[in-house]
Amino acid sequence: MRVIDKLKQISQQINEACQNSHRNTDEVKLIAVTKYVSTERAVEALDAGIRHLGENRDDGLLKKWEVLKDKPSWHYIGSLQTRKVKNIIDKVEYIHSLDRLSLAEEINKRAKHKVKCLVQVNVSGEESKHGISYEEAISFIESLIPFENISVEGLMTMAPLTDDVQLIRDCFRKLKELRDQVQALHLPFAPCTELSMGMSNDFTIAIEEGATMVRIGTALVGEDG
């Protein structure tokens, strides 16, 4: 199926989720996750009107960058190795996976301007997931004060892979509560307005719980080109 046809389906689901939660659709950024597809498929996504593309590896992003340059807004959504920061720092608008001080130090050192970062929080506590623990998130964010090139734009999480809708909903709800706590601190470097949560299997639940960014790959662009 063409991306433009899948986009119509996804957009309708986003609209319905926004209606269910009394939100405006313009509050939600749709990020097409192109990590499993070809550059040609990413071009198709751009041609369909999608403006935000997400990659989780530096080599995948760099390969697509050669063709698309800065036409899309690039989001780095995967775990980021410190030594790879220099490869992507001047090409992405958002880094969704800030989860340790050493990474913050490298981003701050390599950046030539403020970088929009989202702190990745492991709300579910699963060992298989990256991210700062829920309990340590606020103290971690406060420790970023010295880094003049980092702006904490929001938080990111991944819900458990389960059919238990309530468990998924609770995970997203906890991230929103944490976001609200950070906002209440009024930290100049951490406006923390964004909530990056929800993927192909749970994005409608995420929107109902306050997501401002949803990261959709398989349901939108497929798994290969």
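Throughout, numbering of the chain's residues begins at 1 and tracks the sequence. Below, each value reflects all heavy atoms present in this structure, side chains not excepted, and no hydrogens, waters or symmetry copies.
Nearest heavy atom pair, residue G217 against residue S200, reads N-OG, 3.4 Å. For I138 against Q181, the heavy-atom pair with the smallest separation is CD1-OE1, 3.4 Å. A pairwise comparison of heavy atoms in H130 and D99 identifies CB-OD2, 4.0 Å as the closest pair. Taking all atoms of both residues into account, the shortest heavy-atom contact from L220 to K6 is O-CD, 3.1 Å. The two residues A190 and I141 make their nearest non-hydrogen contact at CB-CG2, 4.1 Å. Pairing each heavy atom of G78 with each of S97, the nearest pair is O-OG, 2.5 Å.
Residues V214 and I31 have side chains not in contact (no heavy-atom distance under 4.5 Å, counting atoms from C-beta outward). Side-chain contact check for L53 versus L68: some heavy-atom pair is nearer than 4.5 Å. When side chains are defined from C-beta on, P72 does not count as touching I50, because their heavy atoms never get closer than 4.5 Å. The side-chain heavy atoms of I107 and L103, taken from C-beta on, include a pair separated by under 4.5 Å. Between T39 and K63 there is a side-chain heavy-atom pair separated by less than 4.5 Å. Looking at heavy atoms from C-beta onward, M197 lies out of side-chain contact with M156 at the 4.5 angstrom threshold. I14 is listed as a side-chain neighbour of F203, based on a closest heavy-atom distance under 4.5 Å. No side-chain heavy atom of I216 sits less than 4.5 Å from a side-chain heavy atom of M199.
Residue E209 forms a salt bridge (charged side-chain N to carboxylate O under 4.0 Å, His left out) with just one option from K176, R169, R179, and that option is R169. The one candidate from D58, L62, D70 that meets the side chain to side chain contact (heavy atoms under 4.5 Å, CB included) condition with K91 is L62.
The number of heavy-atom neighbours closer than 6.0 Å to CG of D26, taken from other residues, nucleotides and ligands shown, is above 12. Under a cut-off of 6.0 angstrom, the local environment of CG in L161 is sparse, with at most 12 non-hydrogen atoms contributed by other residues, nucleotides or ligands. Residue K84 places its NZ atom among more than 12 non-hydrogen atoms of other residues, nucleotides or ligands, all under 6.0 Å distant.
When only modelled atom types and interatomic distance are considered, D170 and Q166 share a side-chain donor-acceptor pair under 3.5 Å. Judged purely by distance below 3.5 Å, without hydrogens or angles, the side chains of T204 and E16 never pair a donor atom with an acceptor atom. A side-chain N or O of S133 and one of E136 form a donor-acceptor pair less than 3.5 Å apart. A donor atom on one side chain and an acceptor atom on the other are found under 3.5 Å apart for S196 and R215.
One finds the CZ atom of F189 at 11.5 Å from the SG atom of C117 (value rounded to the nearest 0.5 Å). Distance CD1/I207 to CZ/F172: 10.0 Å, rounded to 0.5 Å. Residue L144 holds its CG atom at 9.5 Å from CG of N108, rounded to the nearest 0.5 Å. The distance from atom CG of L7 to atom CG of L30, rounded to the nearest 0.5 Å, is 6.5 Å. Annotation: the span from D202 atom CG to C171 atom SG amounts to 8.5 Å, rounded to 0.5 Å. From K71, atom NZ reaches atom NZ of K69 across 10.0 Å, with rounding to the nearest 0.5 Å.
Using a cutoff of 4.0 Å between basic side-chain nitrogens and carboxylate oxygens, K35 and E55 are not scored as salt-bridged. A salt bridge is absent between K109 and E105; no separation between the charged side-chain nitrogens and carboxylate oxygens falls under 4.0 Å.
Note: the hydrophobic cluster containing L187 also contains L175 (ILVMFWY, side chain heavy atoms under 4.5 Å, direct or indirect links). Under the 4.5 Å side-chain heavy-atom criterion for grouping Ile, Leu, Val, Met, Phe, Trp and Tyr, V92 is connected to V152 within one hydrophobic cluster. Cluster annotation: V67 is connected to V37 through the hydrophobic network of ILVMFWY side chains, with a link wherever side-chain heavy atoms come within less than 4.5 Å. Under the 4.5 Å side-chain contact rule for hydrophobic residues, V28 and V221 share a cluster. Cluster membership check: V119 shares its hydrophobic cluster with L195, using side-chain heavy-atom separations under 4.5 Å among Ile, Leu, Val, Met, Phe, Trp and Tyr.
Connectivity analysis of hydrophobic side chains (ILVMFWY, heavy atoms under 4.5 Å, direct or indirect) links V33 to I77.
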* Given side chain to side chain contact (heavy atoms under 4.5 Å, CB included), test T157 with Q120 step by step and report yes or no. => CA-CA 6 Å; T157 199; Q120 183 170 353; over 6 Å; no

* To do: Given side chain to side chain contact (heavy atoms under 4.5 Å, CB included), test Y76 with Y94 step by step and report yes or no.
  => CA-CA 6 Å; Y76 193 90; Y94 288 91; over 6 Å; no

* Give the intermediate values and the outcome of side chain to side chain contact (heavy atoms under 4.5 Å, CB included) for residues M213 and L118. => CA-CA 11 Å; M213 296 177 172; L118 283 77; 4.2 Å; yes

* Pair Y134-E177, side chain to side chain contact (heavy atoms under 4.5 Å, CB included): steps then yes or no -> CA-CA 11 Å; Y134 186 88; E177 290 171 354; 4.2 Å; yes

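Not counting sequence neighbours, the partners of R23 by the salt bridge (charged side-chain N to carboxylate O under 4.0 Å, His left out) test are E27. For the salt bridge (charged side-chain N to carboxylate O under 4.0 Å, His left out) test, no residue two or more places apart in sequence or in another chain qualifies with K86. Remark: S151 engages E153 in a side-chain hydrogen bond (donor to acceptor under 3.5 Å, both in side chains) (not counting sequence neighbours). The side-chain contact (heavy atoms from CB on, under 4.5 Å) search around R2 returns I4, D5, E44, not counting sequence neighbours. With sequence neighbours left out, the salt bridge (charged side-chain N to carboxylate O under 4.0 Å, His left out) criterion links K29 to E194.
Between the side chain of S11 and the main chain of K8, no donor-acceptor pair closer than 3.5 Å is present. Between the side chain of S73 and the main chain of R51, no donor-acceptor pair closer than 3.5 Å is present.
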